[in-house]
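To keep things clear, I will list the structure first and then write my remarks on it.
The first residue in the sequence is number 1, and the count goes up from there. These numbers were taken from a predicted model, which means no experiment stands behind them.
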Amino acid sequence: MNQTASIFDRIRGKRAAGIEMLLSRLRDYLPEAQVAEVYQAYQFGAHAHEGQRRVSGEPYISHPVAVASILADLRMDHHTIEAALLHDVIEDTPTLKEELITRFGREVAQLVDGVSKLTQIKFKSHEQAQAENFRKMVLAMVEDIRVILVKLADRLHNMRTLGVMPPPKRRRIARETLEIYAPIAHRLGMNAVRLELEDLGFEALHPLRYKVLTRHLKRSRGHQKEMVKKISDGLSNALQREHIDGIVAGREKHLYSIYRKMRSKSLSLNEVLDVHGFRIIVDKTDTCYRVLGMAHNLYKPVPGKFKDYIAIPKANGYQSLHTVLIGPQGVPLEVQIRTEDMDKVAASGIAAHWLYKTGGEVTTPSVQAHEWLQNVVEMQQGTGSSMEFLDNVKVDLFPDEVYVFTPQGDIHRLPRGATAVDFAYSVHTDVGNACVAAKVNRRLVPLRTPLENGQTVEVITAASGRPNPTWLNFVVTAKARANIRHFLKNLRREEAVELGRRMLEQALAPLSMKLNKIPEVQLAALVREFKLEDSDDLFESIGLGQHLAPLVARRLMPAHAADSPLKKPGAPLAIRGTEGLVVTFARCCHPIPGDAIVGVLTTGKGIVIHRDECGNLAEYRNQPDKWIEVQWEKRIKRDFPVEIRADVANQRGVLATVAAAIAEMGSNIEHVNQQERDELTSQITFVFGVKERQHLARILRKLRSLPQVMRIQRTRA
């Protein structure tokens, strides 16, 4: 009994020490009255969590105290510290949000609620719960960015104590940390938090790889100590000669970044460890550029490896000069040059908004964070499920950036691989939706062209412009993808409703009936029977193939006419080239205007158009109710993909010759595949855009005139 009592005395002693250390830190920068409020929050939390223990056996309140201590190290305001101490009371105790409002005010209660998970809702899977909780947290972040700071501190302490968890849960939490929380910390410029989250996540997810890298890193430190000192002394002496006050420090290698670089660039461990990193901290921005010149005089710079993040900060507000030099004995050196304020911001990011309220450039992360959150909110509004939203945000959290300019000289930051369409949506959603063409450095380029650093991009819009479903194949920004999907969802319904209406009118014609003559009461009764909301829902379901138009038409016939013989069939349904969602063009046979075509009604996809000679139509031979008689509408203004196969002489440059001939005839090549058949011949398959059969015929005549082309034909399924 005495032994048990002494154990609990020790635990209580640790708990008291934990809160005393926290209060001591807070007294360094907060008034005593605010420290007293924090202590009240601690007492409330300790009482609410009384009797609860962590998996490690410690009293649960030790966790909120540790989270608050992490935020105290960032010198956050007292409301954030109070929220950290109370962050689990709504989720894990009977405490209600209203009680927190009464005791600690609305600001603290909102922060706590923003971090709390949706525990009362039943989800089908852990992934769905994770996605819905993430959506809730993001919306709370928009109201108050401190929500994510509390959440990141919470996640950091959980990662520090992850060892007590069973392996499957440990791996799941580590993967979630690396995929979501570490990238968010990076996006908010909180480098110190991000680095620790990544290393802890790496250790939990890949423990053996972590041990191997740690062992090699320790060994390399010993081997490289002399070289690092020599380079550090060289840089420090050069600063003294130029009468510049600055601090030179070797940059510690980050385990997870080493692992990621090895995987992405297929480098050996020695190749990564051979690069030495140094950081030079000076007093002001002008001095940074002086030090850069000094470093380039001391060691030769590597061409193309200089980056000026001071003039053009990163998306998270990070500022620094980066350069790569060739040091003694040909050793590569990565050197970062920045001011003290820039260094603080690099470590604390958005938290520097509260930590260093000196105005000017150090508040940049706050501005950048709010811009990013506004983009995330736009994404949230344009996505359907929480899973889709989470996927979009994940894409947005891993940018390797390029910087491009508008014609007016404004800078836009985009992820590596971003296209003209991504740029258009970064300007404004309406610009993206109306985009029809783009100019890069005053020259017209295809919309799918990847952008490069320093280019000037001009978007050409038109009132009739609208997103194309094929854009989803090449856009890389989450904002562009979410907005295109949102537009196409609405468009899909509009087109499905219109197509369904036309299909029903066509099906009613042989019955000597017209849609506008059917009593509304009769149509409403059928809508109710199908458990739909209104007639538009009925037309949409017909357009998407969920209800067959001929059967719906017969259900709308008057009872006395139900058995009357059918009249002659109605006119074929005219297919418009712009119907890209509820009318799709089969990729197996690539129909183009002028081809004889057949429509097949496919559930959820609407009508799929095939050439009437397509081999894949055989599977529908015994389903005549799914066949729709269709014809091309006149004056279709768009390109349709067509596939041709050419046997050519196996000569150098033959592919370029054939491709140039296709481009010369006003066609854009979408895909090329070349296979060598024997020593003398190769077979090339092209997919390119044409207006109609006559356009294709002109291209084929041109290609047949080439001496290298021995045989050419259009493919069919």
May I ask you to test the Gln506-Arg502 pair for a side-chain heavy-atom distance under 4.5 Å? no
Is the shortest side-chain heavy-atom distance between Ile699 and Val642 below 4.5 Å? no
What heavy-atom pair brings Val476 and Ala418 nearest, and what distance separates the two atoms? CG2-CA, 3.4 Å
Which heavy atom of His428 sits nearest a heavy atom of Asp430, and at what distance? ND1-N, 3.0 Å
For residues 433-452, please give each side-chain donor-acceptor pair under 3.5 Å, one per line with the distance, not counting sequence neighbours.
from   : atom 1 : to     : atom 2 : distance (Å)
Asn433 : OD1    : Tyr425 : OH     : 2.7
Asn441 : OD1    : Thr456 : N      : 2.9
Thr449 : OG1    : Pro446 : O      : 2.7

I'd like to know if the side chain of Glu692 reaches the main chain of Gln694, judged simply by a donor and an acceptor atom lying under 3.5 Å from each other, with no hydrogens or angles considered. yes
Run the side chain to side chain contact (heavy atoms under 4.5 Å, CB included) check on Val648 and Leu706 step by step: do they pass? CA-CA 10 Å; Val648 297; Leu706 298 175; over 6 Å; no
Measuring from Glu98:CD to Ile90:CD1, what's the distance to the nearest 0.5 Å? 8.5 Å
If you count heavy atoms of other groups shown closer than 6.0 angstrom to CZ of Arg587, is the number above 12? no
Any chance you could measure Thr715, atom OG1, to Gln713, atom CD, to the nearest 0.5 Å? 8.0 Å
Are the side chains of Lys514 and Leu508 in contact, using a 4.5 Å heavy-atom criterion? no
Kindly give the heavy-atom pair with the smallest separation between Ile669 and Val672, and that separation in Å. CG2-CG2, 3.5 Å
Rounded to the nearest 0.5 angstrom, the CZ-CG distance for Arg485 and Asn483 is 11.5 Å
Can you tell me how far apart CZ (Arg711) and CG (Leu703) are? Round to the nearest 0.5 Å. 14.5 Å
From Ile597 CD1 over to Ile592 CD1, what is the distance, rounded to the nearest 0.5 angstrom? 11.0 Å
If you define the side chain from C-beta out and look only at heavy atoms, does anything of Arg645 sit under 4.5 Å from Ile712? no
I'd like to know whether Met503 forms a side chain to side chain contact (heavy atoms under 4.5 Å, CB included) with Ile607, so could you lay out the CA-CA distance, the side-chain angles of the two residues, the decisive distance to 0.1 Å, and finally the verdict. CA-CA 10 Å; Met503 291 172 68; Ile607 300 175; 3.8 Å; yes
Answer yes or no: is there a side-chain heavy-atom contact under 4.5 Å between Val457 and His412? no
Quick check on Glu520: does its CD atom have over 12 non-hydrogen neighbours (other residues, nucleotides or ligands) under 6.0 Å away? no
Between Val658 and Gln708, is any pair of side-chain heavy atoms under 4.5 Å apart? no
As a quick check of understanding, evaluate side chain to side chain contact (heavy atoms under 4.5 Å, CB included) for His610 and Val600, giving each step before the final call. CA-CA 8 Å; His610 294 260; Val600 178; 4.2 Å; yes
Correct closest heavy-atom pair for Pro641 and His590 would be O-CB, 3.3 Å
For the backbone of Asp113 and the side chain of Gln110, can you confirm whether one donor and one acceptor N or O come within less than 3.5 Å of each other? no
Tell me which donor-acceptor pairs under 3.5 Å the side chains of residues 682-690 have, and how far apart each pair is, sequence neighbours excluded?
from   : atom 1 : to     : atom 2 : distance (Å)
Ser682 : OG     : Asn650 : OD1    : 3.2
Gln683 : NE2    : Asp647 : OD1    : 3.4

Nearest non-hydrogen partners of Arg466 and Trp471, listed with the distance: O-CH2, 4.0 Å
Taking side chain as C-beta onward, heavy atoms only, is Arg501 less than 4.5 Å from Leu504? no
Relative to each other, are the rings of Trp632 and Phe585 parallel, tilted or perpendicular (30° and 60° limits)? parallel
Evaluation steps, side chain to side chain contact (heavy atoms under 4.5 Å, CB included), between Trp627 and Leu617: CA-CA 10 Å; Trp627 291 63; Leu617 288 173; 4.1 Å; yes
Distance in Å, Thr429 OG1 paired with Ile484 CD1, rounded so as to fall on 0.5 Å steps: 10.5 Å
Does the Asp537 side chain pair with the main chain of Glu533, one donor and one acceptor, at a distance under 3.5 Å? yes
Would you call Ser426 and Thr477 a side-chain contact if the rule is heavy atoms closer than 4.5 Å? no
Could you tell me which non-hydrogen atom of Arg611 sits nearest to which non-hydrogen atom of Arg714, and how far apart they are? NH1-NE, 3.3 Å
